[in-house]
Every structure is written in C-alpha cells, then in structure tokens.
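Chain A is the first sequence line, chain B the second, and so forth, proteins listed ahead of strands; every chain is numbered from 1. On a predicted model such as this, the values are computed, not experimentally measured, just so you know.
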2 protein chains.
Amino acid sequence: MKAWQEIQLQALQTSDSEHQLFQAIAALGAELGFDYCAYGLRLALPLSNPKIVKVSNYPSAWQTQYQAKNYCAIDPTVKHALRSSQPILWTDGLFASTAAFWEEARSFGLRYGWAQSMRDVPGATGMLTLARSDEPLSKAELADKAFKMAWLTQTAHMALSRRLLPKLLPEADTKLSNREIAVLRWTADGKTAGEIADIMKITERTVNFHISNAAAKLNASNKTAAAVKAALLGFL
Amino acid sequence: MKAWQEIQLQALQTSDSEHQLFQAIAALGAELGFDYCAYGLRLALPLSNPKIVKVSNYPSAWQTQYQAKNYCAIDPTVKHALRSSQPILWTDGLFASTAAFWEEARSFGLRYGWAQSMRDVPGATGMLTLARSDEPLSKAELADKAFKMAWLTQTAHMALSRRLLPKLLPEADTKLSNREIAVLRWTADGKTAGEIADIMKITERTVNFHISNAAAKLNASNKTAAAVKAALLGFL
DNA sequence: CTAACAACTGTCAACATTGACAGCATATAC
DNA sequence: GTATATGCTGTCAATGTTGACAGTTGTTAG
C-alpha cells in the first residue's frame, strides 16, 4: 500500500489537467473499494451566489439530473460539508428530509457512500465523496480505512483546488501591496479612513487611495466588498 | 492499532476540558513515536491583531521563551501552516532564514519535527506539530505514518477548535436572523443599502436597520466589519 | 394571553465614502 | 536611463452610512 501512495502522488504532482488529476484520485478511491468518486469545490464568493464546480465519475445521467434539479442546494451531505470537516456516512437518517432525492440517487446505484470536506484558503471548501453500489459500509471497514480516507480528502483537495481556484476566481491570483494589505486590515476591523490615517500616520486621502487601488485589483465595487474578498482569499 | 483509534476517540468525545483533550491527542502522538506534541489555533479575527492560543507538552522553558520572544511571528512552520495545509517537515532549509530560532529550539531537544495545519470555520486555522529529540524522521517512516498523521491533524483540530473557538470569540456563538444574513450577504458583495432595498423589495431604511442589528450582534463597529466578521465566521 | 422576536417603516443631521481631476518621490528591474 | 510599481498628497461634489429618535405588524413559544 506504500506503492499506492508513492505512485499516485507522482500522478498528482505531474498531471496538469484537472481531468488527469481527478482520474488519479478516483483510482485511489477505487483501491479503497469505491466505484464512484466525486469532488466538489465551493467558493464562498460571490457570497450571494457562490460558485460551485463538480467533478465525478458518477453515471452521467445522474450528473445531469443533479445539475438540472440543483440538488446541490438540498443535498444533506453538501450541507454537512459546509459546516463541518467531520466525515459523514450516507444513512437513511441523513436523508430523512430529502427522501425523493435519496431514492433517485439509489436508483442510479449510489447506495453506500462516505464524504468529507476540507478548506484551504478561507473561502474555498472542497468535498470528497466515495461511494459504491454493492457492499454496505461496515463500521469495521470504516475504522480500517479512516486514515486513508482522511489523507485522500486532504490530498485531493490540495491538488484539485490549486488548479480550480485561479480559474474560477481570477482575483485569487492578484497581489496586494503591503500598504494595501495594512489599510484593508484596519478597514476590515471597522476603522474609518480617518481613524486609519491617524493609526498609520498618513493622510485620510492616502488611505482612501490605497483602498480604492485594492478594490480595483480585487474587482470589488467598494471597500466593504474589497475587505470581505481580501479576507476570504486569505490576503489579510 | 484499531484499538488506538477507538479508545482515543472516546477520550476525545467525552473529555470536556481542553487539557484532557490535549492529553488524549498527545498520547496518540506518542504512539506514533513523538515525544512532543503541540497544537496552535489562530483566529483571523481581529484582523489587525489575530488571536492565537497554544497548547503543548514542550519543555516549559521553551514555551516561555517562544511566548516571550513572540517566535510565533517568525516561526517558518507557522508561516507555512497559514498558507497551506500541506504537511511540512523540519529541515535546515526551512529554518535557513531563522537560524537563531532554530538553534534555540534544538537546544531544548526539539530536533525532528513535522507539522500540518487545517481550517474549519473560514477564519480559524489549527496547526498540529509532532516532534522528538532522538531519531531523525526518515522518508520511509513518514510514508508509513502519513495517513495517521493526516487523520490526527483533522481529529485534533475538530476536537480542540470546537472548545477553544467560542471561548476566544464569543461572537462565534450568536445567531443572525435570515434577513440579517441576506442583507449582509449583499453588503459583503458590495451592494449599497439602496441597491439591496431594490433587490429585496424593502425600504432602504429597513436594510440599514437589519445591518445595524447584525453589527450589534457581531460586535462590529460598522457594516464593513460586520460583513467581514460574518463571512469569516461562516455565517454567510 | 402575553412576552419576545423578527421584520418592517419614518425623519434628520453629522459624518464617511467614492470618483474624477492632477501631481511628486523613491526604489527596483531591465 | 527609463519604465514600472509603490507610496504619498491635494480638492470638490455626489452619494452613502450611521445614530438617535419612535413606531406597527405578524409569528412563535410559554
């Protein structure tokens, strides 16, 4: 099983398309005994309409359905993943309030599953799901594989989010100057331009100058949006 | 090793003091072959002066030194942890620019170490360090233990941050109403009160009313601070 | 029933922000 | 030497925010 890790790690580091990367991760999932593997990445931004990308080897009819009916919005595993990094098992209890969705998933062979989420940059949550049709997931199997699944979640998220993030959110790649960062930090803590001017011993005019430069770089329409974006992207 | 997991998980779930929790985690670290274990939690808030808590079984003289000289600010492992969840090994290269710090740590027996970080709520980063005095960390050992260490990082962070967070940041426990959340979301995206009023078909006055209520709950001095805090605490 | 809460609305004055104009100093990279 | 980036400063008018006042309506839990 050491070979598993070594060989696949190479694939993760060398492959440059998301598709190849995902294949490598799905292969690791398969070795753990899961036919299906899905990775979803949700960026917090824009807050009023967060961006989501999904990659999976689910039956394509189910992928289509899931997308069309916007199941993302009701999927209890997604809901859980956004709140906690605790792994979660597909159980009847979990899907109690979304029976139709659960039935439909099962009809596509998605019966026994496990999922875990994780974050890197503050505003990006990744979720890895491993599933299969046949064998229920016993407690013993879970205990046995928990370590590897935790590792796989981390590895998958780090590898995939690194490629997907700049694509989805070009602002994630911009660089703020030191002054811009300092001014945004104080702004994010609720200081007015006047107060920041006193703190930093510069003119109020200069404070506003830095703020508006930062906002331009971040594609933010005002200083509130700039502060939130910078904070969620980990610039502060 | 299954016993390891089961027995200790119980400890993690039942013990209610951070101290007990940390003991359980340190015990798991010891079983992995590390004499020393340290957990640090950094809240992004307040942004201009982030809060940090440390728990460790390091020699107490070193803990005192580290605190007194504010080594947190220069420690390269901390710097790495804040940017990436990738595990990191203590190497000469890593400490190249902080030789004095590295020497001092080694003089306390902290010679071979490994660290990994992780986030849950967007604004909280936890870092687990495992270290020892004697045996260098070989590649083979790392490959062998990578899974368990990844799992331990996750487990430690989830258990410890859950207790530490509300203590450090009481706002993390408040509840915002649906309207407050909706208004803050649009605010965080850079909409003005007037625009939000149009979007939500309510008066500008009402928008400002919700914003100021939310700001009061979050202990924020204006809407920018409220939006940032709410975003970093995962309320949006 | 009643208390508590969420949601909603009004006015007005002080204060803060944004955007558009224009310019200078310093350091680093080619 | 020159381009580029960063940091700094100025003015002014339009627009937005905040705080302090005071009140209505509807829902929910005890």
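Here the C1' atom of nucleotide D:dT15 and the CD atom of B:E204 are 10 Å apart, to the nearest Å. For the pair A:N208 CG and C:dG19 P, the interatomic distance rounds to 11 Å; values are reported in whole Å. The NZ-P distance, from B:K217 to C:dC5, rounds to 10 Å in whole Å. To the nearest angstrom, P of D:dT27 lies 15 Å from CG of B:N178. Here the C1' atom of nucleotide C:dG19 and the CG atom of A:N222 are 13 Å apart, to the nearest Å. The distance between atom CD1 of A:I211 and atom P of D:dT9, rounded to the nearest whole Å, is 14 Å. With rounding to whole Å, B:K223 atom NZ is found 14 Å from C:dC15 atom C1'. Atom C1' of nucleotide C:dT18 and atom NZ of B:K191 are separated by 16 Å, given to the nearest angstrom.
Considering only side-chain atoms of A:F209, the nucleotide from D:dT17, D:dG7, C:dT18 that sits closest is D:dG7. Proximity note for B:T203 (side chain, C-beta onward) versus C:dT18, C:dC8, D:dG10: the nearest is C:dC8. Distance from the side chain of B:R205 is smallest for D:dC21 among the nucleotides D:dC21, C:dC8, C:dT18. When distances run from any side-chain atom of B:H210 to the nucleotides C:dC8, D:dG7, D:dT6, the shortest one goes to C:dC8. Of the listed nucleotides (C:dT17, C:dT9, C:dA7), C:dA7 has the atom at the smallest distance from the side chain of B:R179. Distance from the side chain of A:T206 is smallest for D:dT9 among the nucleotides D:dG7, C:dT9, D:dT9. Taking the side chain of A:A193 as heavy atoms from C-beta on, and the options C:dA6, C:dT17, D:dT18, the nearest nucleotide is C:dT17.
Note on A:S212: every side-chain N or O is 4.0 Å or more away from OP1 and OP2 of C:dT17.
Both A:S221 and B:E180 sit near DNA chain C, but only B:E180 has its closest nucleotide nearer the 5' end.
Residue contacts shown for B:N213 are absent, as no nucleic acid heavy atom lies under 4.0 Å away.
Between B:H157 and B:Y39, the angle of the ring planes lies from 30° to 60°, which puts this pair in the tilted group. Between A:W102 and A:W90, the ring-plane angle classifies as perpendicular under the 30° and 60° cut-offs.
Here the side chains of A:V121 and B:R83 are not in contact, with every heavy-atom distance at 4.5 Å or above.
No hydrogens or angles considered: a donor-acceptor pair under 3.5 Å links the side chains of A:Q67 and A:K54.
Classification of A:E104 and A:K69 as a salt-bridged pair holds, one side-chain N sitting under 4.0 Å from a carboxylate O.
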